[in-house]
Novice: 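Please find one structure pasted underneath; my questions will follow.
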Amino acid sequence: MAIKTFREAINEALREEMRRDDSVFLIGEDIAGGMGGHDGAPGSSGGMLGVTRGLYNEFGSDRVIDTPISESAIMGAAAGAALAGMRPVAELMFMDFFGVCFDQIYNQAAKFRYMFGGQSNTPMVVRGMVGAGFGSAAQHSQALWPIFTHVPGLKVALPSCPADAKGLLISAIRDEDPVIFLEHKVLYDTKGEVPDGEYATPFGIANVTREGEDVTIVAFGRMVLFANEVADRLAGEISVEVVDPRTTSPLDTEVIIESVECTGRLIVVDEANPMCNLASEVISVVATEAIGALKAAPIKLSAPHTPVPAAPNLEQAYIPSADEIEQAVRRVFAA
Amino acid sequence: MAIKTFREAINEALREEMRRDDSVFLIGEDIAGGMGGHDGAPGSSGGMLGVTRGLYNEFGSDRVIDTPISESAIMGAAAGAALAGMRPVAELMFMDFFGVCFDQIYNQAAKFRYMFGGQSNTPMVVRGMVGAGFGSAAQHSQALWPIFTHVPGLKVALPSCPADAKGLLISAIRDEDPVIFLEHKVLYDTKGEVPDGEYATPFGIANVTREGEDVTIVAFGRMVLFANEVADRLAGEISVEVVDPRTTSPLDTEVIIESVECTGRLIVVDEANPMCNLASEVISVVATEAIGALKAAPIKLSAPHTPVPAAPNLEQAYIPSADEIEQAVRRVFAA
Amino acid sequence: MNKESALRAYRTMRLIREFETQIAREFAAGTVPGMTHLYIGQEAVAVGVCHELGNDDFIASTHRGHGHCIAKGCDVGLMALELFRKEGGICKGKGGSMHIADVSKGMLGANAIVGGASPLAGGAALAIKLRGQANVAVAFAGDGAANQGTTLEEMNFAASLKLPLIFAIESNGYGEHTLADYAAPGDLTERAAAFGMAAEKVDGTDFFAVHAAMERAVKRAHSGKGPSSIECVATRWHGHFEGDPQLYRPKGEVDALRRNSDPLKKFRATATKKKLGTKKEFDAIDADVENEVTKAVEAALAAPQPDLSELLTDVYATY
Amino acid sequence: MNKESALRAYRTMRLIREFETQIAREFAAGTVPGMTHLYIGQEAVAVGVCHELGNDDFIASTHRGHGHCIAKGCDVGLMALELFRKEGGICKGKGGSMHIADVSKGMLGANAIVGGASPLAGGAALAIKLRGQANVAVAFAGDGAANQGTTLEEMNFAASLKLPLIFAIESNGYGEHTLADYAAPGDLTERAAAFGMAAEKVDGTDFFAVHAAMERAVKRAHSGKGPSSIECVATRWHGHFEGDPQLYRPKGEVDALRRNSDPLKKFRATATKKKLGTKKEFDAIDADVENEVTKAVEAALAAPQPDLSELLTDVYATY
Ligand SMILES: Cc1ncc(C[n+]2csc(CCOP(=O)(O)OP(=O)(O)O)c2C)c(N)n1
Ligand SMILES: Cc1ncc(C[n+]2csc(CCOP(=O)(O)OP(=O)(O)O)c2C)c(N)n1
Ligand SMILES: [Mg+2]
Ligand SMILES: [Mg+2]
């Protein structure tokens with residue numbers, strides 16, 4: 001075990017899987033950087049936020065492939081190469097760019113296996129940044145996971161800590177289906193214990209990050225950190241259980257329902273915009289399958305139904321906060 | 001009042017609004033047809049399913065504009081023209097094509113007003129076909145409204161009958177914000193009474209298509225027809241109220257909650273794939289805001305988490321049916 | 001090209017013609033579910049492009065994909081089952097006409113998204129390049145699809161990464177009901193060339209012309225010179241889809257095409273001149289093919305629908 | 001061009017240079033939130049393109065949009081407030097650097113999506129065409145954005161519909177950290193020409209060259225001849241974004257650019273030769289502009305953040 005950043009954990013997962021399996025390659029924009037430049041230029045960037053740093057230098061231009069600014073071509077490159085037997089990991093940089101290339105993901109890669117009657121596997125990963133809090137405004141700060149989760153054929157991973165970032169990415173790369181791997185940009189510099197060597201964190205298995213008996217908080221991605229903070233704040237006063245589903249598709253509804261059956265009180269925190277998001281999904285699952293367990297109305301905490309504002313104070317107000325979560329816990333506990 | 005088809009109602013709305021307002025124009029692929037062809041060719045199609053028939057002949061090539069197969073350019077043409085003061089109605093043919101052009105819709109048109117601090121209006125309509133039941137398989141049969149509904153800045157209309165198709169489209173064209181107007185292809189040939197002359201059906205106001213006291217069915221689009229059928233079948237036995245929200249964004253939660261407060265029993269029928277869909281959203285709203293009113297667990301009926309299969313028998317099994325709805329009503333009533 | 005190879009090419013073109021002709025008849029009879037776009041008139045393109053390709057060469061196809069499938073070696077019996085959406089279809093009846101595929105044959109699927117194929121073919125080409133194989137990938141695109149951003153961006157992308165990718169642009173003069181000249185003022189071959197790839201325009205009704213251009217493109221790809229574009233000028237004899245009233249077409253256009261632009265007639269004439277086949281041999285192939293397709297269609301009509309349990313399978317390899 | 005007009009052009013170029021220089025200083029000081037991409041080195045492009053445009057002409061811009069804003073007449077005081085994301089900003093502080101816009105001035109926004117601008121500019125051009133106005137729309141796109149499908153498809157689209165649209169391609173040699181030659185083997189001007197539009201390549205550090213090409217393009221647009229492309233070869237003096245270590249650039253490259261490719265120096269030299277301005281006049285403008293920008297930045301630094309209630313406004317005109 002060693003303490004690593006979220007960024008280092010992702011880099012390590014990529015490196016180890018590329019060493020393990022020759023069919024794994026990376027493709028995207030400036031994941032190497034400096035292509036076409038002077039001798040020292042190629043590989044000098046390693047991604048806009050340094051996540052792929054050093055990989056070009058170790059694996060070269062056939063395994064770490066920089067491209068023109070052509071996301072449909074990049075996604076098609078991954079989907080087509082996967083059909084042809086490779087294991088591509090494509091970077092979309094900011095997932096907000098999915099709007100220019102989603103067809104290759106949702107109509108093509110996600111549907112091949114079904115449309116082709118089970119003939120094919122499509123082992124590809126699409127990595128990209130999500131989330132607000134970085135000051136990157138309306139077109140570079142979105143959550144978007146409800147959209148990816150809605151699409152049959154896609155799997156969606158949303159790690160909240162370095163250990164899961166590494167373990168889920170290794171699982172994603174080894175998975176035979178297309179996986180959307182979402183990296184919350186505000187988490188890159190967060191640190192945590194990361195087991196040494198190779199390990200795969202399975203999809204569809206929620207992680208209970210805090211055990212408790214009074215209130216269940218289901219939180220996604222960065223919101224898990226806030227939920228944990230609130231659980232710790234309230235320790236001794238209100239016993240809060242925090243459930244981190246880790247993947248939104250598949251979604252571990254079992255662990256969520258078990259938790260609610262024990263606590264009888266549910267709060268769901270999703271940074272995504274509110275309509276048809278994961279908080280709605282989780283509350284709907286509990287209401288249809290375990291309503292009898294609820295001692296109080298569940299509480300949904302999400303961003304408002306607005307784009308992400310540029311101004312730092314507005315952006316902070318946009319993101320669900322630990323204080324809002326704490327108030328919600330007190331409210332639902334009192335009910 | 002006259003009996004008209006869903007298709008005729010949409011055509012009428014377009015025609016009347018174009019007559020009323022010179023700034024309204026249509027743009028898309030083969031909405032006229034035959035461009036570049038012999039004398040009689042231009043205007044000879046009127047859309048792949050004939051929805052825009054005759055409009056080119058009445059309004060000419062400056063108001064009914066056929067384009068190359070370039071959906072990003074079409075959506076940009078609408079968004080840019082709207083910013084510049086026009087009122088474009090862009091056809092996407094099958095909404096499934098949104099994957100090649102969504103950026104222009106969700107990152108551009110939907111966000112202008114917010115990103116620009118309220119400087120601009122973007123009065124544009126994107127029309128397109130949705131839904132299964134036509135044998136058009138995985139890439140031409142999707143529902144997709146949960147994705148559009150999730151996006152702040154977009155409004156989403158989903159008419160279930162000719163009268164609403166006309167009234168909602170007129171409202172959409174007059175609206176100052178971008179509207180996604182969804183036409184279920186299986187409804188085109190359905191008939192219904194359509195008020196004569198111009199009328200606008202407001203957004204965000206649900207339509208109670210059947211009044212009842214025992215069970216509330218909230219149904220979307222084509223599913224409203226099935227829900228009505230079930231309500232009629234069970235008349236005298238179980239009193240079923242059917243709520244058709246008509247627009248998914250804005251969503252009329254008030255009428256839904258009022259209905260559930262009266263019946264205490266809720267079924268939501270959404271043809272869309274199940275994860276993060278409108279059924280989840282409605283159930284979540286009721287669970288968080290009116291759980292006390294529920295006498296039984298709400299029931300969610302949706303398509304399965306699969307692409308739309310080509311085989312007719314599989315496709316029928318994919319779509320929620322009147323029989324499934326009837327069984328659900330009996331189950332929730334007995335509970 | 002030797003005689004055996006030429007007769008094989010003719011047989012494949014005839015197989016496409018016969019298959020599409022019988023599907024057209026069945027569609028008119030109402031036995032074919034959904035939308036269908038037929039390939040008649042363009043047979044020389046698919047066969048000219050695919051004739052020398054093997055299962056390790058990939059193609060990505062379009063909504064008008066039956067011809068590409070047959071040319072790439074897909075079984076017409078399994079294809080017929082798929083078009084009728086029956087059990088045992090090449091995609092278990094779950095794909096249908098616009099998603100017909102046989103990955104084991106390197107046929108990565110028809111595609112219901114115009115412009116959807118090019119990026120995928122680019123991915124297959126990338127896999128070939130990374131594995132150092134002496135193979136190619138082909139992106140089929142119509143003259144309408146050539147105006148879709150995905151196709152255009154893939155042309156630059158493939159040139160930038162020197163992918164062993166060949167764009168087979170089928171210029172049949174129409175995109176749905178719109179004439180190609182209206183939709184694209186520029187010349188498609190010049191457009192491709194401007195991206196820095198070898199680009200040529202050939203008579204797409206002449207198998208030998210397409211085949212020769214393809215040989216040049218494959219050689220370039222194998223020698224690491226990157227992508228090529230072959231614009232094949234051919235004609236579409238049927239409507240955009242079956243049931244299309246085609247009011248946008250001048251009267252008599254199609255009759256003239258049948259008379260003057262028949263890829264099979266042209267093939268017979270040229271091959272006979274080149275001593276690559278005799279009338280007797282061609283006629284024998286025609287009869288044999290008709291019989292094969294008739295059997296395939298009859299079997300497909302008689303076959304059962306897929307089992308209902310198939311609705312929920314094949315969404316994920318694991319979930 | 002008369003002297004008044006030339007001095008106005010110089011003033012605008014200097015305003016861009018000074019604004020960006022002070023923003024760079026503030027960014028380094030940590031007072032500018034979020035990402036910022038500066039325009040220094042390319043001033044002659046924005047000003048050459050926009051110099052003769054009015055409020056009824058539209059431009060759609062890029063992530064590197066400050067220069068386009070200033071050239072299109074946006075108020076630097078309101079721009080500064082926006083970059084610092086303060087109350088009273090041109091977008092109320094809700095847009096920031098990459099969404100800065102002034103629709104009343106025909107500036108349809110910077111854009112954080114590479115290739116996002118071209119289709120939008122096409123829409124503005126369509127509105128102009130439908131209303132029969134003697135105006136144009138300009139799509140700014142970098143040499144990297146030129147490889148995005150949206151840009152390429154818009155070129156064909158605009159040619160097909162004969163839109164009064166001008167593509168201003170800014171070839172600064174880089175897309176982020178990737179060299180333009182690596183990303184695009186083809187020549188961008190030939191690529192544009194192949195779509196059937198008038199296309200020329202000019203020295204983007206020479207205001208007069210850009211301005212002259214623009215005059216030709218505007219004339220074509222007004223006479224109904226459709227779109228044009230002007231590839232402006234200029235240089236980027238700063239990193240892709242502020243804070244970019246630029247390891248991909250050869251040492252000394254930027255110093256050489258400052259010495260040899262300074263659009264303002266070039267302007268002064270040419271204008272002086274042409275008797276369109278004197279050193280005294282240029283120096284006076286420089287001093288005046290520095291003072292204007294300094295005031296704007298000080299005011300913006302001192303301004304309050306937006307009121308929290310602004311979070312929920314401006315999502316819809318009506319909901
Ligand atoms: C992205 C997308 N846009 C539009 C369509 C509708 N559509 C189906 S086929 C077609 C015409 C394609 O023309 P072309 O590429 O020339 O192929 P052809 O039909 O002539 O073989 C169109 C517009 C689609 N399927 N996908
Ligand atoms: C669709 C999309 N892809 C990628 C990016 C990330 N990105 C921002 S700027 C940029 C480079 C753009 O290069 P160019 O068009 O040459 O403009 P320049 O920065 O040189 O002015 C990239 C790749 C983006 N913002 N949007
Ligand atoms: Mg065509
Ligand atoms: Mg550049």
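Scope of the values below: all heavy atoms of this structure, side chains included, with no hydrogens, waters or symmetry mates. Letters A, B, ... are given to chains in the order of the sequence lines, protein chains preceding strands, and every chain is numbered from 1.
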Novice: Pick one of side chain, backbone, both or neither for D:Leu311, based on which atoms fall under 4.5 Å of a heavy atom in chain B.
Specialist: both
Novice: Decide yes or no for B:Ile65 and D:Leu161: does some side-chain heavy atom of the first lie under 4.5 Å from some side-chain heavy atom of the second?
Specialist: yes
Novice: Pick whichever of B:Met75, B:Glu71, B:Gln108, B:Met35 has the most heavy-atom pairs under 4.5 Å with chain D.
Specialist: B:Gln108
Novice: Can you say whether B:Lys111 sits under 4.5 Å from chain D via the side chain, the backbone, both, or neither, judging by heavy atoms?
Specialist: neither
Novice: Measure the spacing between OG of B:Ser120 and CG of D:Asp102 and express it to the nearest 0.5 Å.
Specialist: 10.5 Å
Novice: Between chain D and each of B:Asp103, B:Asp175, B:Asn121, count heavy-atom pairs under 4.5 Å; write down the option with the most.
Specialist: B:Asp103
Novice: Return the CG to NZ distance between B:Asp62 and D:Lys129, rounded to the nearest 0.5 Å.
Specialist: 6.0 Å
Novice: Would you give the length of the straight line joining atom OG of B:Ser70 to atom CE of D:Met155, rounded to the nearest 0.5 angstrom?
Specialist: 13.0 Å
Novice: If you count heavy-atom pairs under 4.5 Å between each of B:Arg63, B:Lys155, B:Met86 and chain D, which one has the most?
Specialist: B:Lys155
Novice: Quick one: pull up CZ in B:Arg113 and OH in D:Tyr316 and give me the separation to the nearest 0.5 Å.
Specialist: 12.0 Å
Novice: May I ask you to test the B:Ile27-D:Leu126 pair for a side-chain heavy-atom distance under 4.5 Å?
Specialist: yes
Novice: Under 4.5 Å heavy-atom distance to chain B, tell me which part of D:Leu108 shows up: side chain, backbone, both or neither.
Specialist: both
Novice: Looking at D:Gly95, D:Ala127, D:Ala317, which has the largest count of heavy-atom pairs under 4.5 Å with chain B?
Specialist: D:Ala317
Novice: Can you confirm whether B:Glu254 is buried at CD, in the sense that more than 12 heavy atoms of other residues, nucleotides or ligands lie under 6.0 Å from that atom?
Specialist: no
Novice: For B:Ser249, is it the side chain, the backbone, both, or neither that has a heavy atom closer than 4.5 Å to a heavy atom of chain D?
Specialist: both
Novice: Looking at B:Gln104 and D:Gly115, what are the two nearest heavy atoms and their distance?
Specialist: NE2-O, 4.5 Å
Novice: Under the rule for salt bridge (Lys or Arg N to Asp or Glu O under 4.0 Å), what residues qualify as partners of B:Glu176, not counting sequence neighbours?
Specialist: B:Arg87
Novice: Examine whether an atom of B:Phe116 lies under 4.5 Å from a heavy atom of chain D, and if so say whether it belongs to the side chain, the backbone or both; otherwise answer neither.
Specialist: both
Novice: Using a 4.5 angstrom heavy-atom cutoff, name the option from D:Asn156, D:Ile100, D:Leu130 with the most pairs to chain B.
Specialist: D:Leu130
Novice: Does any heavy atom of chain B fall under 4.5 Å from the side chain of D:Thr318, the backbone, both, or neither of them?
Specialist: both
Novice: Pairs in or reaching into residues 309-319 of chain D: which pass salt bridge (charged side-chain N to carboxylate O under 4.0 Å, His left out), with residues at least two apart or in two chains?
Specialist: D:Lys92-D:Glu310, D:Lys92-D:Asp314, D:Lys94-D:Glu310, D:Lys94-D:Asp314
Novice: Chain B heavy atoms under 4.5 Å from D:Asp56: which part of the residue, side chain, backbone, both or neither?
Specialist: neither
Novice: Under a 4.5 Å cutoff for heavy-atom pairs, which residue among D:Glu82, D:Met98, D:Glu154, D:Arg131 has the most contacts with chain B?
Specialist: D:Arg131
Novice: Quick one: are D:Phe157 and B:Ile74 in side-chain contact, heavy atoms under 4.5 Å?
Specialist: yes
Novice: I need the residue from B:Gly36, B:Gly153, B:Ser23, B:Pro68 with the largest number of non-hydrogen atom pairs under 4.5 Å to chain D.
Specialist: B:Gly153
Novice: Judged by modelled atom types alone, do D:Thr313 and B:Tyr114 share a side-chain donor-acceptor pair under 3.5 Å?
Specialist: no
Novice: Is the side chain of B:Gln119 donor-acceptor paired with the backbone N or O of D:Ile90 at a distance under 3.5 Å, no angle test?
Specialist: yes
